[in-house]
Amino acid sequence: MKKWFEIALGIVTGIGGFLEVGSIATSAQAGSEFRYQLVWALALGVISLAFLMEMTGRLAAVSKRTYVDLLREHFGMRFFLVALVAVFVVSLMVLMAEIGGVGTALQMATGITFAWWAVPVAVLGWMVLWRGTFGIVEQGTATLGLLAVSFAVGAVKAHPDWGALGRAFIPSGPAENPARYWYLAVSILGASISPYLYLFYSAGAVEDGWTQDYLGVNRITAGLGNLFGGTLALAVIVTAALVFAPAHIQIDRFEQLGSLFVSPLGRAGFWLFVATLCITCFGATLEIALSIAYLIAQGFGWEWSENLRPARDSRFSTVYTVAILVAAIPATLGISALSLTNMSMVLSAASLPFTVIPLIALMNDGKVMGRHCNGWISNIALISISVLSIVLFFVSLPLQIKGGG
Amino acid sequence: MEAMDGVQLVHDVLDACLCDRNGRRIGRVDALALTLTEGKPLRVSTILIGGAVRAERVGTWMVRLRGAISAMLHHDRDFGVSRVPFSAVRGIGGTIELDVDGATLPSSRLERWLGDHIIGHIPGSQGENK
């Protein structure tokens, strides 16, 4: 019974994990500018993330250790330092974007500018981390994130062309503006395969005390959870394609997204969008602040757990405290959530090789994985994701410059 | 420690996570010191933990950067480095267990300082589990 509960929870967590400021913004931009054409990029991102989460979860369940812990131990200080800096910088930028996302949702609800909301949001987030347990962070945001199901209802009520949507799962070249098309494809991939997602998942498996008995739960959670989250991001592409694209509305401010679900769902659509944006971004804020603390504490071998009182792991608690407060600064200075989001999603894509490629060695190391090493399907998937990550590393910055405007 | 065969220093010991006798994580094996006594085989004598030792493994630029920061803070070059005799090792598995009290080690100075001066003063910080 407990396991079924965990599976249900894991699937629901897929929404909180997947849907956040990055995936909402990039999906809406893709739908409004290229209709369904970039659906393949989202599908590729969802599948890649599902594989990476399954593997980092399996690694944690079998070895009882987190991915970061093994990354430092097996690859040494020098490599770890490079990976640490890359993931830290990218995660901090995504954290800034998430706080901006919550602030923007609150601005849409109250009319008070997002800059005023950044510090209160950061302080509230810090209070939840300070007092709450891992279960509260994980389950609370997951349960509230169920509101996002309204996106799927909205997309269906907007009457998509199912045949055209199905065909969009196969990649096709852009009819015009290729720099922008590929830039958005990279942004979608960066938003989908953010390193914090699988680092948080792997740390969570250790926090929850997973053993090899949880390998089935892990597989279902990683697969169905991401499918669920990805479907809701797909709903944003579909609705933006049906509502914004015909009106030639290009998204250059987050506030424009408030009208996304108004035509299929009426006035309630506005409030559902605002609430979903607020909750999913707040959930991601908590998860990313924790991920940054996990990354540093596990890398240096400090005491860490969200379930311990802060004085028991004071370095760990200090890291998430400083991270969440520092991340509130750009939004407080008035830098918009959308510009923070686009920059951080592209950088996120560029950082992937540092955490994806080492997995090939770890997932095939019999000393770590015993008889649960990767099979051929997982290895083909992991090598393909590694190749993808190298391509993203080289193309992201040029595309940011050419197509980011 | 129980006898263990085929322990590989780089694979199994270097960079491994360390736990003290209370089961608390206290850092990683940042370096190992070897002792050569005439007429005897080379012996692993000490586990080193701390930023100054880590910096040496990263490169001279990191040593210089750390040195500059230490000079600003009026710290010795070896500030915060713990030297634990290898004989304190009680077990080598996923983590290495040491028969020491981690709270008293120089490498735990920052953890203690933050706990005593900042984190410990904020309501809700004290106790075991949340």
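So that the names make sense, note that chain A is the first sequence line, chain B the second, and so on, each numbered from 1.
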Do other residues, nucleotides or ligands put more than 12 heavy atoms under 6.0 Å from [X] [atom1]?
X      : atom1 : result
A/F88  : CZ    : no
B/R21  : CZ    : yes
A/F134 : CZ    : yes
B/R109 : CZ    : yes
B/K40  : NZ    : no

- Let me know if B/I122 has heavy atoms under 4.5 Å from chain A in its side chain, its backbone, both or neither.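 Both parts, heavy atoms under 4.5 Å.
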- Message: Given heavy-atom pairs under 4.5 angstrom as the criterion, report whether the side chain, backbone, both or neither of B/L114 touches chain A.
- Response: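 Both backbone and side chain.
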In Å and rounded to the nearest 0.5 Å, what is the [atom1] to [atom2] distance from [X] to [Y]?
X      : Y      : atom1 : atom2 : answer
B/S125 : A/D313 : OG    : CG    : 10.5 Å
A/E303 : B/C17  : CD    : SG    : 9.0 Å
A/R315 : B/I119 : CZ    : CD1   : 12.0 Å
B/T95  : A/E73  : OG1   : CD    : 9.0 Å

- Taking A/R78 for its side chain and B/R57 for its backbone only, find out whether a donor-acceptor pair lies under 3.5 Å.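 Looks like yes, one N/O pair under 3.5 Å.
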- Is there a donor-acceptor pair under 3.5 Å between the side chain of A/R312 and the backbone N or O of B/G127?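 Not a single qualifying donor-acceptor pair exists.
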- Task: Could you please spell out the steps behind the side chain to side chain contact (heavy atoms under 4.5 Å, CB included) verdict for A/F300 and B/I49?
- Result: CA-CA 10 Å; A/F300 292 114; B/I49 317 160; over 6 Å; no
Segment of [X] engaging chain B (4.5 angstrom heavy-atom cut-off):
X      : result
A/L81  : side chain
A/K367 : side chain
A/D69  : both

- Message: Apply salt bridge (charged side-chain N to carboxylate O under 4.0 Å, His left out) to residues B/D30 and A/R72 and explain how you reach the verdict.
- Response: CA-CA 11 Å; B/D30 291 315; A/R72 162 77 198 269; 2.9 Å; yes
- Query: Of the options B/R112, B/H117, B/E111, which is the one that meets A/S314 in a side-chain hydrogen bond (donor to acceptor under 3.5 Å, both in side chains)?
  - Reply: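 Among the candidates, only B/E111 passes.
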Pick whichever of [options] has the most heavy-atom pairs under 4.5 Å with chain B.
options                       : answer
A/G132, A/S305, A/S63         : A/G132
A/Q298, A/H74, A/E306         : A/E306
A/W304, A/F316, A/F80, A/W302 : A/W304

- Message: Could you go through B/M62 and A/M77, starting from their C-alpha distance and side-chain angles, then the distance that decides it, and tell me whether this counts as side chain to side chain contact (heavy atoms under 4.5 Å, CB included)?
- Response: CA-CA 12 Å; B/M62 184 60 100; A/M77 187 57 209; over 6 Å; no
- Item | Most chain A-contacting option - heavy-atom pairs closer than 4.5 Å, from B/S107, B/S108, B/A16 |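 Greatest number of close heavy-atom pairs with chain A: B/A16.
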